[in-house]
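Structure, as structure tokens:
Fair warning: this is a prediction, and the values are worked out from it, not measured in the lab.
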Amino acid sequence: MSGPEGWGFTDDRGTELGAARVPLRVAAYVRAGAALLDLGVAPVAVYGSGHDGEALDPAKAGGLRAAGVPYLGPGRALDEEVLRELRPDVIVDVTYDGKSPYALDEAVAERLGIPLVALSVSGELALPAILARFAALAASLTPAVREPSASEPAVREPSASVSETAAGPLPAAPAPDLAAAEALLRSVAARGGVAVLALSGAGAEQVHLARPQAWPELAHLAGLGVRMLDPGPGSGSNWLTGDWTRVAELRPDLVLFDDREHATPPYELPAGARLAPWSPETPPSPAAYARFFRDLAEALAA
């Protein structure tokens, strides 16, 4: 919880974090930082993952570049002194296994004496639950004005959190723009059975085919009526790795291709298949997913 006595938050590893005051200077993994920016919390800097290079990847950066938020490079190669000089009060990362931060070695935060929040983005959570957790964290980091008494000035204190523990209440209703985008997508999907395949290119010889139920946003699309293709049996919980002939065998009408910079463009597609970009690391904010759903609705209707 957060209040006039200090700040506290339980992350999705079950780690209880606290500070004497609300953290105002946030350093974050790119995806998390872009989501927080959408939610009204501007990071002082962001860092990438092992897939990232020395430049910010626009596929998961959201509005960070336009906001002028500095990018520090991949988290595992982060210059600790540069991070120290930025004086962050808290670090925000994501977790896929519910145990470890994804993009930054937790020892870095420990050496700097900075609390590290890790929020889950794994397929074990539904997309609305993930969005609710990021909203909860942003709310805990956002000051609110407390009405003063007649004898005291206005005091700024942290706003109440939507959900302050990993268990938390049920997710709040979708933001209006997200709800409208979902309604649009549901309506377009109902008009015809466009078969959609999500994939990540890995060169001329290899492609990773997404298992829809392993990805919160793809499972959510299926729930909205989008006909998501499953790549079939084989090893890999999130992806089935194969060659491009498997893509042709699945006969998709629309291919959602991974547009992150480390992925390669689709090498070979069935005749007539259309393309639309998809980032497996879309910032977990209502605004970012509203944009994705509207773009997908347009691609389905084309």
Side-chain angles (χ1 to χ4, degrees), residues 1-50 60 72 74-78 80 83-84 86-143 157-172 216 238 281 283-285:
M1 62 176 291
S2 299
E5 293 88 18
W7 173 82
F9 191 87
T10 301
D11 75 2
D12 291 343
R13 300 170 297 169
T15 301
E16 296 181 2
L17 302 151
R21 59 183 177 84
V22 178
L24 298 178
R25 298 179 63 80
V26 179
Y29 174 49
V30 171
R31 186 184 184 190
L36 290 173
L37 182 65
D38 283 346
L39 293 164
V41 178
V44 296
V46 294
Y47 56 85
S49 73
K60 52 186 172 182
L72 305 179
R76 302 290 177 180
L78 192 63
E80 290 185 31
L83 185 59
R84 188 190 301 275
L86 288 168
R87 297 179 290 107
D89 302 314
V90 67
I91 297 172
V92 180
D93 210 310
V94 301
T95 180
Y96 286 92
D97 63 4
K99 300 176 182 177
S100 306
Y102 169 62
L104 184 73
D105 188 340
E106 190 161 17
V108 172
E110 292 173 351
R111 285 194 292 269
L112 296 178
I114 303 169
L116 189 153
V117 176
L119 295 185
S120 178
V121 291
S122 78
E124 295 179 359
L125 292 181
L127 180 62
I130 293 172
L131 298 182
R133 289 294 287 150
F134 274 87
L137 177 60
S140 82
L141 297 172
T142 305
E157 60 185 35
S159 62
S161 169
V162 175
S163 169
E164 293 171 339
T165 69
L170 292 174
N238 297 329
E281 295 192 79
S285 72

Is there a donor-acceptor pair closer than 3.5 Å between any side-chain N or O of Thr15 and the backbone N or O of Asp11? no
Contact between Leu24 and Leu141 at the side-chain level, heavy atoms closer than 4.5 Å - yes or no? no
Does Arg21 pair with Asp89 as a salt bridge, N-O distance under 4.0 Å? yes
Just distance, no hydrogens or angles: give the donor-acceptor pairs under 3.5 Å from side chains in residues 42-50, sequence neighbours left out.
unit_1, atom_1, unit_2, atom_2, d
Tyr47, OH, Asp93, OD2, 2.7
Ser49, OG, His51, N, 3.1
Ser49, OG, Asp52, OD2, 3.4

Less than 4.5 Å apart, side chain to side chain, heavy atoms only: is that true for Ser120 and Leu125? yes
State which residues pass side-chain hydrogen bond (donor to acceptor under 3.5 Å, both in side chains) with Arg111; sequence neighbours excluded, sorted by chain then number. Glu80
Going by the rule side-chain hydrogen bond (donor to acceptor under 3.5 Å, both in side chains), which residues pair with Asn238 if we only count those two or more places apart in sequence or in a different chain? none
Nearest heavy atoms of Ser285 and Leu131, plus distance in Å: N-CD2, 3.5 Å
Filter on salt bridge (charged side-chain N to carboxylate O under 4.0 Å, His left out), then keep only pairs touching residues 98-110, sequence neighbours left out; what's left? Arg13-Glu106
If you measure from CZ on Phe134 to CG on Asp12, what distance do you get to the nearest 0.5 Å? 8.0 Å
Looking at Arg25, I want to see if its CZ is surrounded by more than 12 non-hydrogen atoms of other residues, nucleotides or ligands under 6.0 Å. yes
To check you understand the geometry: which heavy-atom pair defines the closest contact between Ile130 and Ser122, and what is its length? CD1-O, 4.0 Å
Output all residues satisfying ring pair (Phe, Tyr, Trp, His ring centres under 6.0 Å) with Tyr29, sequence neighbours left out; order by chain, then residue number. Tyr102
Just wondering, do Ser140 and Val22 contact through their side chains at under 4.5 Å, heavy atoms? no
So do Leu83 and Ile91 actually touch side chain to side chain, heavy atoms under 4.5 Å? yes
Might you point out which heavy atoms bring Ser100 and Thr95 nearest each other, and give the distance in Å? O-OG1, 2.8 Å
Sorted by first residue and then second, give each salt bridge (charged side-chain N to carboxylate O under 4.0 Å, His left out) pair with at least one member in residues 27-46; sequence neighbours left out. Asp38-Arg291
Side chains of Leu104 and Arg76, heavy atoms from C-beta outward: is any pair under 4.5 Å? no
In Å, rounded to the nearest 0.5 Å, how long is the span from OG1 of Thr10 to CG of Leu17? 7.5 Å
What one should report as the nearest heavy-atom pair of Pro283 and Ala35 is CB-N, 3.8 Å
Answer whether the closest heavy-atom distance between the side chains of Val94 and Leu119 falls below 4.5 Å. no
Which heavy atom in Val90 sits nearest to a heavy atom in Pro23, and how many Å separate them? CG1-CB, 3.7 Å
